[in-house]
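Below is one structure, written out as structure tokens, with a few remarks after it.
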Amino acid sequence: MLNPCPSSPSRLLTGTAQSSKITALVDRRFLPSSGYLLALQTADSNPKPTAESHNLTQHRHWLMKSEPESRFENGVDMKFGIEDLKALPGQSSCWDGVRNYQARNFMRQMKEGQLAFFYHSNCKEPGIAGLMTIVKEAYVDHTQFDKKDAHFDASSKPDNPKWSMVDVQYQRMMKRFLPLSELKKHHLQHRAHGGPLKDMALFTKTRLSVQPLTAEEFDFLLSLEDKEPL
DNA sequence: GCCAACGTTGGC
DNA sequence: GCCAACGTTGGC
């Protein structure tokens with residue numbers, strides 16, 4: 001099996017959690033066909049047709065979770081924070097290890113050039129640390145076939161791979177870190193009185209490691225950078 | 001370390 | 001197709 005993502009640690013949140021990898025940019029020959037990008041929304045082999053599965057909802061902004069602190073899973077350190085991404089060659093990496101269908105399907109909807117927040121999860125101070133750009137659209141996550149990888153999936157076969165990943169590139173740190181505690185205050189306020197974060201997936205689908213953001217959510221989050229912490 | 005929320009598995 | 005048991009996520 002070709003391995004388009006030669007370097008890297010695979011540590012992004014798996015499914016609802018994470019994993020990523022690092023990679024130098026990759027060969028365009030491995031770009032998936034368009035049929036491959038048709039996303040199923042759930043584990044069902046025959047999901048109900050929904051706006052999302054038909055890709056009618058075109059999200060342009062994303063939030064992706066990864067763990068910035070060491071934690072061992074099957075003997076492999078899952079640590080992959082924004083500083084780790086920044087330190088890689090080309091400041092880019094593949095986002096491998098996602099093992100949740102909903103998260104995978106969102107990755108399959110991502111387009112080159114779109115922006116994603118890098119979210120630090122399962123750590124002392126969870127929150128939004130910075131911004132990245134999607135630099136390669138969904139392709140086969142080779143770590144699913146690697147027995148030594150923390151996210152090896154014995155049920156996935158090379159002739160019909162289950163899991164995909166994208167490549168991301170560091171763009172910048174947030175002007176200030178946006179802690180989850182602060183985002184939650186906004187979420188609760190907006191839920192009570194209306195506002196852009198009232199339905200934010202970070203709070204309504206807490207275990208989802210790759211999430212779409214509406215334009216309103218994205219703009220509001222960016223605007224927080226220039227405000228005093230709530 | 002606890003545990004609530006929620007996704008997955010597999011028996012029936 | 002239901003649903004109990006089990007596993008995982010991730011904040012606290």
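All chains are named by letter (A, B, ...) in the order of the sequence lines, taking the proteins before the strands, and each is independently numbered beginning at 1. Because only heavy atoms are used, hydrogens play no part in the values below, and waters and symmetry mates are left out as well, while side chains stay in.
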Whole-Å distance between C:dC12 P and A:Asn122 CG? 12 Å
With distance as the sole test, does A:Gln102 use its side chain to make a donor-acceptor pair with the main-chain N or O of A:Leu208 at under 3.5 Å? no
Whole angstrom is fine here: how far is it from NZ in A:Lys205 over to C1' in C:dT9? 16 Å
Quick one: which residue pairs count as a side chain to side chain donor-acceptor pair (under 3.5 Å) with a foot in residues 175-192 of chain A, not counting sequence neighbours? A:Lys175-A:Asp226, A:Arg176-A:Glu182
Using the rule given for side-chain contact (heavy atoms from CB on, under 4.5 Å), can you reason through A:Leu131 versus A:Phe117, listing the C-alpha separation, both sets of side-chain angles and the distance that settles it, and then say yes or no? CA-CA 5 Å; A:Leu131 273 168; A:Phe117 286 116; 3.7 Å; yes
In whole angstroms, how far is the P atom of C:dG10 from the CZ atom of A:Phe80? 16 Å
If I take atom CZ in residue A:Arg104 and atom C1' in nucleotide B:dT8, what distance separates them, rounded to the nearest angstrom? 14 Å
Give a yes/no on whether any side-chain N or O of A:Tyr119 is located under 4.0 angstrom from OP1 or OP2 of C:dT9. no
Assign each of A:Lys162 and A:Thr206 the nucleotide of DNA chain B bearing its closest heavy atom; nearer the 5' end lies the nucleotide of A:Thr206
What is the distance from NE2 of A:His120 to P of C:dG10, rounded to the nearest Å? 14 Å
Please report, rounded to the nearest Å, how far the P atom of B:dT8 is from the CG atom of A:Leu208. 11 Å
Which nucleotide in the list C:dG11, B:dG7, C:dG10 gets nearest to the side chain of A:Leu180? C:dG11
Please confirm whether the backbone N or O of A:Glu112 pairs with a side-chain atom of A:Glu137, one donor and one acceptor, at under 3.5 Å? yes
A:Glu69 CD to C:dG10 C1': how many Å, rounded? 12 Å
Below 4.0 Å: OP1/OP2 of C:dG10 and any side-chain N or O of A:Lys65: yes
What nucleic acid atoms does A:Lys184 come within less than 4.0 Å of, heavy atoms only: base, sugar-phosphate, or nothing? sugar-phosphate
Spacing of A:Leu202 atom CG relative to C:dT9 atom P, expressed in whole Å: 16 Å
